[in-house]
Amino acid sequence: MIETTTAYAETPEHATSPDDMEATTEPPGGFARLGLSEPILRAIAELGYREPTPIQEQAIPFVLMGRDVLGTAQTGTGKTAGFTLPMLDILTGSRARARMPRSLILEPTRELALQVAENFVQHGKYLKLSHALIIGGESMSDQKDVLTRGVDVLIATPGRLLDMFERSGILLSDTRILVIDEADRMLDMGFIPDVERIVSLLPATRQTLFFSATMAPEIRRLADAFLRNPKEIAVAPPASVATTITTGLVLVAEHDKREALRRMIRHEQVQNALIFCNRKRDVEILYRSLMRHKFSAGALHGDMSQPVRFATLDKFKAGELKLLVCSDVAARGIDIGGLSHVFNFDVPHHPEDYVHRIGRTGRAGLEGHAYMLATPDDRVAVEAIEKLTGQPIPRIAVEGLDPVEWAAELGKKRKPRGRHGVPSQPGAKARAKPPASKRLAGKPSAVPTSEVTPARARRSREDDLGPGVLGFGDEMPAFMLVTARPSRRRVRASAQKQEKQG
DNA sequence: AAAAAAG
């Protein structure tokens with residue numbers, strides 16, 4: 001791997017300003033002004049925090065006052081410290097009783113829960129507070145043991161928390177601080193009934209902090225139900241694309257996607273990148289493909305075991321992995337410092353997901369890059385994204401790939417599939433021909449057949465399926481490799497089927 | 001259309 005060595009404009013001596021000197025020895029003035037106590041100021045000074053971010057500046061004093069807070073903010077705005085720091089301050093001084101956590105933080109994903117827990121450990125370094133992480137996929141008895149000893153802060157995903165409650169492992173009657181984080185995502189994922197149930201188990205007299213990246217009407221209704229006279233705080237307009245992110249869109253044929261991605265990765269100065277796929281199985285396929293091509297890559301999606309999920313994320317954060325192929329499990333919240341690139345290998349179906357995905361880069365004022373691959377079928381989804389963000393995504397070209405154009409409007413529909421994702425057998429005659437609209441459209445074929453050489457097609461398939469169609473060796477009949485469009489998928493599917501059987 | 005979270 002070739003590392004680009006940058007000539008630094010400043011020598012280390014020049015970089016050490018009086019400001020830096022002061023910050024390492026004394027609490028940062030900005031945070032002290034917010035009313036945080038000395039042990040917390042010391043911890044955050046050691047972490048290198050200088051000045052509070054806007055959300056911290058606005059939220060911390062009100063949380064310390066015991067007010068409810070309704071915050072519109074995404075991760076990367078310093079939101080987490082905005083609630084952990086004052087919570088630590090409030091909780092310090094008295095002790096937790098067995099199985100009666102004094103505060104509860106609800107997170108939509110396990111990775112986010114872990115991240116918040118790490119924040120508590122760092123920020124509470126000089127305090128004697130305990131926490132428990134209550135999430136699925138890991139030993140319940142270990143989690144129970146911690147709870148029995150008594151915890152000040154419980155950080156949980158809703159499913160496991162309720163499970164634990166039903167098994168009488170937890171009493172929530174003394175939980176006087178509640179944080180609902182990433183409320184919009186909880187809503188998207190259908191967790192709201194669980195959240196409502198959990199809230200009903202908490203005392204009515206409590207302090208509630210409610211955060212969401214957007215404040216859609218449904219979210220606001222929830223906030224109204226959970227909060228009392230909240231202080232409202234907003235720091236980032238929803239659905240905006242930060243100006244520090246360079247975006248680009250590559251229109252490419254389906255079978256060229258992996259090749260296009262590899263070329264982009266090699267061409268760009270990629271420090272570390274998230275690569276999003278829409279489906280878990282595509283995460284696996286792309287991950288294996290990148291490994292075969294000797295990239296430093298890992299994979300992350302919700303069907304992987306929890307220890308592997310955390311271990312992979314750790315490695316990626318530590319820089320041991322350069323690329324992380326992932327599903328939308330990583331689209332929101334996960335805070336990875338200095339991510340240079342986000343690649344959307346698939347166009348997300350929900351335009352908001354695009355905003356969340358690319359929001360993983362271009363953070364903390366650093367330059368970010370967000371490139372997306374689109375196939376001719378993705379036109380509608382791309383237009384929806386551009387409409388939402390109000391910014392067209394500049395079209396960029398990747399050298400050496402077949403030029404393609406958007407599919408005709410009526411041709412965008414996917415062919416219905418038979419059971420198990422395998423197209424119905426040829427007997428279903430309606431499917432043997434392209435839709436009439438396509439034949440009549442008069443557009444040039446998206447991929448000129450003459451340019452799809454058997455070698456190219458074979459390479460593409462091998463990338464996908466390993467050895468290719470079994471039984472033909474290198475003498476595979478040309479018709480199986482390049483024919484009219486509708487059959488390509490069928491050939492692949494049958495090859496896949498053959499491989500499974502053989 | 002699919003992802004996440006309780007197994």
Side-chain angles (χ1 to χ4, degrees), chain A residues 75 104-116 133-144 155-170 180-198 212-213 254 274-287 299-310 312-313 324-334 344-357 360 374-375 377-382 384-385 412-421 423 489:
Chain A
T75 309
L104 169 64
I105 299 170
L106 291 175
E107 295 288 336
T109 69
R110 299 167 187 176
E111 276 74 13
L112 275 169
L114 178 67
Q115 207 167 274
V116 172
L133 191 58
I134 303 298
I135 59 170
E138 288 189 333
S139 153
M140 195 179 264
S141 64
D142 289 358
Q143 295 177 0
K144 261 189 169 166
I155 302 145
T157 48
R160 176 58 70 91
L161 182 73
L162 281 175
D163 198 356
M164 197 74 105
F165 179 82
E166 275 150 21
R167 290 162 198 247
S168 322
I170 300 181
I180 299 171
D181 200 12
E182 305 271 335
D184 52 340
R185 187 158 193 216
M186 301 252 202
L187 183 77
D188 287 350
M189 302 200 322
F191 290 178
I192 294 303
D194 283 355
V195 173
E196 284 174 329
R197 172 100 201 284
I198 291 165
S212 180
E254 181 71 42
L274 285 178
I275 304 170
F276 285 101
C277 296
N278 284 355
R279 282 173 300 207
K280 289 180 277 199
R281 52 166 290 242
D282 293 331
V283 170
E284 297 282 350
I285 292 170
L286 180 58
Y287 163 67
L300 186 72
H301 63 70
D303 277 355
M304 300 167 64
S305 85
Q306 197 51 54
V308 170
R309 275 168 69 167
F310 283 162
T312 302
L313 195 58
L324 186 62
V325 188
C326 55
S327 67
D328 278 318
V329 68
R332 300 197 202 185
I334 289 183
N344 277 293
F345 186 75
D346 294 319
V347 179
H349 291 108
H350 289 306
E352 318 85 71
D353 289 339
Y354 175 79
V355 179
H356 291 299
R357 288 179 180 185
R360 303 302 105 218
T375 67
D377 288 340
D378 293 326
R379 178 182 191 162
V380 172
V382 169
I385 290 166
K412 68 177 187 259
K413 282 188 200 135
R414 296 229 142 200
K415 293 190 302 301
R417 290 178 161 228
R419 274 179 298 151
H420 313 304
R489 227 173 249 131

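Keep in mind it's a predicted model, so treat the numbers as computed, not measured. So that the names make sense, note that chain A is the first sequence line, chain B the second, and so on, each numbered from 1.
Within the nucleic acid shown, A/Arg167 has no heavy atom closer than 4.0 Å to any nucleic acid atom. In this structure, A/Gly137 reaches the sugar-phosphate backbone alone: every heavy-atom distance under 4.0 Å involves primed, P, OP1 or OP2 atoms, never a base.
For A/Phe191, taking side-chain heavy atoms from C-beta onward, the closest of the listed nucleotides B/dA1, B/dG7, B/dA5 is B/dA5. Of the listed nucleotides (B/dA6, B/dA4, B/dA1), B/dA4 has the atom at the smallest distance from the side chain of A/Met189. When distances run from any side-chain atom of A/His350 to the nucleotides B/dA6, B/dA2, B/dA4, the shortest one goes to B/dA2. Side-chain atoms of A/Ser327 lie closest to B/dA3 of the nucleotides B/dA5, B/dA3, B/dG7. The side chain of A/Lys280 sits closest to B/dA3 out of B/dA5, B/dA1, B/dA3.
The salt bridge (Lys or Arg N to Asp or Glu O under 4.0 Å) pairs that include a residue from residues 105-116 of chain A are A/Glu111-A/Arg309, where partners are two or more places apart or lie in different chains.
Phosphate contact (OP1/OP2 of B/dA4, side-chain N/O of A/Arg160, threshold under 4.0 Å): absent. For the pair A/Thr157 and B/dA6, the criterion of a side-chain N or O lying under 4.0 Å from OP1 or OP2 is met. Contact annotation: A/Arg185 side-chain N/O to B/dA4 OP1/OP2 distance is not under 4.0 Å. The phosphate of B/dA2 (OP1 or OP2) has a side-chain N or O of A/Arg279 nearer than 4.0 angstrom. Residue A/Arg357 places none of its side-chain N or O atoms closer than 4.0 Å to OP1 or OP2 of B/dA3.
Rounded to whole Å, atom C1' of B/dA3 lies 14 Å from atom CG of A/Asn344. For the pair A/Met164 CE and B/dG7 P, the interatomic distance rounds to 10 Å; values are reported in whole Å. A/Arg281 places its CZ atom 15 Å from the P atom of B/dA1, with the value rounded to the nearest Å. A/Met140 places its CE atom 6 Å from the P atom of B/dG7, with the value rounded to the nearest Å.
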Practice task
Please lay out, stage by stage, how A/Leu114 and A/Leu313 fare under the test side-chain contact (heavy atoms from CB on, under 4.5 Å).
Solution key: CA-CA 11 Å; A/Leu114 178 67; A/Leu313 195 58; 5.9 Å; no
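Across A/Asp346 and A/Cys277, no two heavy atoms sit closer than the pair OD2-CA, 3.4 Å.
Using modelled atom types, no side-chain atom of A/His350 and backbone atom of A/Glu352 make a donor-acceptor pair closer than 3.5 Å.
Residue A/His301 places no side-chain atom within donor-acceptor reach of the base of B/dA3, judged by atom type and a 3.5 Å distance cut-off alone.
One finds the CG atom of A/Leu324 at 13.0 Å from the CZ atom of A/Arg360 (value rounded to the nearest 0.5 Å).
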